Each structure stands twice: as structure tokens, then as C-alpha cells.
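What follows is a short report on a single structure.
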Amino acid sequence: MKKLIALLVVLTMLLGLAACGTTTEDPAPAPADTPADSAPAETTPDAPAEPEKTEEPAETGSGDAEPAASGSKGTIAVVCYVTSAPYFSSGEAAAIAAGEALGYDVIWTGTSEVDTAGLISVVENLISQGVDGICLASGDTSSMVPICQEAMSKGIKVVTFDLDIEPEGRDAYAGLDDLSELAVPQVESIVASIGEEGDVAVVTGVLTNELLQKRIERMYSYAEEKYPGLNFVTVEGTNEDSEAAYTAAMNIMTAYPDVDAIVSNVSTALGPIATAIEDAGMIGQVYACGQSSPNLAKPGMASGACVSAILWDTAKWQEWAVRICASLIEGTEYEVGSCGIDGFPQGEYVGDDVFYFYETFSFTPDNINDFDF
């Protein structure tokens, strides 16, 4: 019996040890669970990653750079051959605003002075950037044709404004009018200044610019027809440089002491001509007239060196070019007649890829301060 009791005690002890062993194994999973619980702990270093992921979209949204880019219809470049001239620079904001209104990014660029090789390089860079359209104001009708043809071959729409180039080098010309006919209001500006008789000198821009030369020839023919008492004595070039225009006016008054009017055939020359007249003490004897932006004409009108000038809204012209370029990018086709472009009620497609919007201004001392460009 004692043996049986002893055996039962041993069995009871063994079962207790087995129970302790089982209890010991229960915590064993705990270490196994600890790595499992530490998995979140391992992802805890990734927990900062979680906020980073949250911030990335926030940065994109807050900057709006990507949404704006993805929402843009494309990029149009406005390229001017003398970006330093107020005639062109006054249109930068209008060109950019027109692009934004139509859903396009606008790059406003060019060369600061007359530099054909530099202008070609500007267009080459724009081609490599993959712009969708180029609005070009060129200094002559032929030198930019090959590079513009290269742009067109890559699907870039090329629209010229101000001076047109040869038709094979562009998709369209966004014009004001037949620019040689702007000689007519220029002659009328001469007459408004000195009457129907007198000696007249012409100060122009680039002497090789075919358009400017055609306008001079039209001044001659229109004056001969309507005001035969006007006598044109000389033409001086300036390359759109204000100091050169001043010097040309001074030289003209020295070489032609009987000159009555010096007419500007480019918008950049009238202001310097008026200053030369003032400095020469010739106010009331010689008059500056012809093309000018109003801000350049204001000092001359205040002094009496100028009483008549003409131009157009140069900023609006760049807007006109951007709007036409955007419509061509989008595949719009036009029939001859009103083209229905917003902001240009007189805008017309005249055929042969040419558009006109017909709008000029005549400035006098009475209205000059109504304009600011």
C-alpha cells in the first residue's frame, strides 16, 4: 500500500512538472509574438514614412505646379527681334495673359538687339524644348524662314506678327493691316505737323527690312499723288537704336538746314528725334512726326517738338498673334471673312493664311495722355 501511495506521489509530481513545462512553453510563443508585435515596431521607423507619403501629395497640391502643367493645353513662345524696345516689351504681359486665358503657357523671349544669328538660336532652343507654337516678330522677311520651316516640320505652329516673313516659313501671319499702307497715316502725320509743303527726312529702322522699305516707297507715292509739295530729302537707318536715331536727326538738321519734318518710320525713333530737335534749339522750325509709342512721344509733345504721331496698340497685336496661334494648334480652320476671335470685333481672315485686325491710333497733344504704353 505504501508503495502504491509512493507511486501516486511520484506520478503527481511528474504531472506537476508537466504542467510547469506547459506553462513554460506558453511564454515561448510570447517571444515569438514579440517579433510579430515588433513588426509594427519595425514599421514604426516606417511610421515617419507614412507621414512623408501624406506630405508628398500635399506638396504637389500646395505648389499647384504639377496640376497647372498637366492642365495646360501646351506652350506658345512669343519671339521678338528687339526685346529691349518698348514697342515689343510693352506687349509681354498682354501675350502672357492671352495665353493664360486660353489655357496655354507663354514664353516671352527674343534678342535684346538686332541679332539675326541670335534670333535663330532662340528659335532652335524653343524647337528643342518642344513648344507647341511660336509667334515670331522678325527683323526681315527671309533670314528666319529655314529655322521656321524646321519648326513646322516638327509640328510646331508658326505665326508671324509685326513684319511678315515669306509664306513658306510660317503657318499664318497675324497682321494689323497691309503694313505698307501704314505709310498713309504717316504722311498725314507730316501734313498735320507742317502742312502740305516742305522738306521731309525719314528715319527708319533696319535699312534692309523689306517691309520698312516698302512703306517708305508708299510714302513717296502717296505724297506725290496727294501732297506733291512734300519733298523727301533723305532716309537714315538706325537698327532700332535710340542713340542712332538721335544722331541721325542731328545729322539731318546739319546736312539739310531747310528740313521741316523728320518722320519716324519705326516706333522707337520719334522720341529721340524730338529730343534732338529740342537740343538743337529747333522747336517750331522742325517737327518730329510719324510712328511712335505714346510714352516715347509725350516729352516731345510737351515741349512742342512733336504735334502729331501715329501707331497701334502694340500689346494688343501680340495678343492677336497668341490667339491665332492657339486656334491653329487646336485645329481651327477659317473661311474668308470675320474670324470671330474674342476681343477683336474687326478681326478678319483675308485668305492665304493672313489675318488682320485693323486698328490704328493718331496721337496729338490733346489725347496723348490718354494712352500709356
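Computed from a prediction, not measured in an experiment: that's the story for all the values here.
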For this session: Would you name the heavy atoms of Glu225 and Arg218 that are closest together and state the gap between them?
Result: OE1-NH1, 4.5 Å
For this session: Would you confirm whether Ser89, through its side chain, and Ala85, through its main-chain N or O, come within 3.5 Å as a donor-acceptor pair?
Result: yes
Exercise. Under 3.5 Å, side chain of Thr254 to main-chain N/O of Met250, donor-acceptor pair present?
Worked result: yes
Exercise. Is there a donor-acceptor pair closer than 3.5 Å between any side-chain N or O of Thr238 and the backbone N or O of Ala245?
Worked result: no
Problem set entry | Check: Tyr104 main-chain N/O paired with Ser72 side-chain donor or acceptor under 3.5 Å | no
Exercise. Do you know which two heavy atoms are closest between Ile165 and Thr160, and how far apart they sit?
Worked result: CG1-CG2, 3.6 Å
Exercise. Are any side-chain N or O atoms of Asp171 and backbone N or O atoms of Val158, one a donor and one an acceptor, separated by less than 3.5 Å?
Worked result: yes
Exercise. Given Val106 and Val78, is the side-chain contact (heavy atoms from CB on, under 4.5 Å) satisfied, shown in steps?
Worked result: CA-CA 7 Å; Val106 170; Val78 177; 4.0 Å; yes
Exercise. At their closest point, which heavy atom of Thr141 faces which heavy atom of Glu210, and how far apart are they?
Worked result: OG1-OE2, 2.9 Å
Exercise. Any side-chain donor-acceptor pair under 3.5 Å between Gln186 and Gln291?
Worked result: yes
Seminar exercise, completed: In Tyr81, Trp317, Tyr87, the residue satisfying side chain to side chain donor-acceptor pair (under 3.5 Å) with Asp162 is Tyr87
Exercise. Quick check: does any side chain N or O of Asp352 sit under 3.5 Å from a backbone N or O of Val354, one acting as donor and the other as acceptor?
Worked result: no
Exercise. Are any side-chain N or O atoms of Arg323 and backbone N or O atoms of Ile341, one a donor and one an acceptor, separated by less than 3.5 Å?
Worked result: no
Exercise. Aromatic rings Phe357 and Trp320: how do their planes relate, parallel, tilted or perpendicular, breaks at 30° and 60°?
Worked result: tilted
For this session: Please name the pair of heavy atoms, one in Thr314 and one in Ser90, separated by the smallest distance, quoted to 0.1 Å.
Result: OG1-OG, 2.8 Å
Exercise. Tyr334 vs Tyr349 aromatic rings, parallel, tilted or perpendicular, using cut-offs 30° and 60°?
Worked result: tilted
Exercise. Ignoring hydrogens and geometry, is there a side-chain-to-backbone donor-acceptor pair from Ser153 to Glu150 under 3.5 Å?
Worked result: yes
Exercise. If two hydrophobic side chains count as joined below 4.5 Å and joins carry through other members, does Leu296 share a cluster with Ile310?
Worked result: no
Exercise. With the 4.5 Å side-chain cut-off for hydrophobic clustering, are Val184 and Phe361 part of the same group?
Worked result: no
For this session: Check for a donor-acceptor pair, side chain of Gln318 on one end and backbone N or O of Phe88 on the other, with a separation under 3.5 Å.
Result: yes
Exercise. What's the shortest heavy-atom distance between Thr364 and Met301, and which atoms?
Worked result: C-SD, 3.4 Å
Problem set entry | Side-chain (Ser189) to main-chain (Pro185) donor-acceptor, under 3.5 angstrom | no
Problem set entry | Sidechain N-carboxylate O distance under 4.0 Å for Asp132, Lys73 | no
Exercise. Do the rings of Phe371 and Phe373 sit parallel, tilted or perpendicular, given the 30° and 60° boundaries?
Worked result: perpendicular
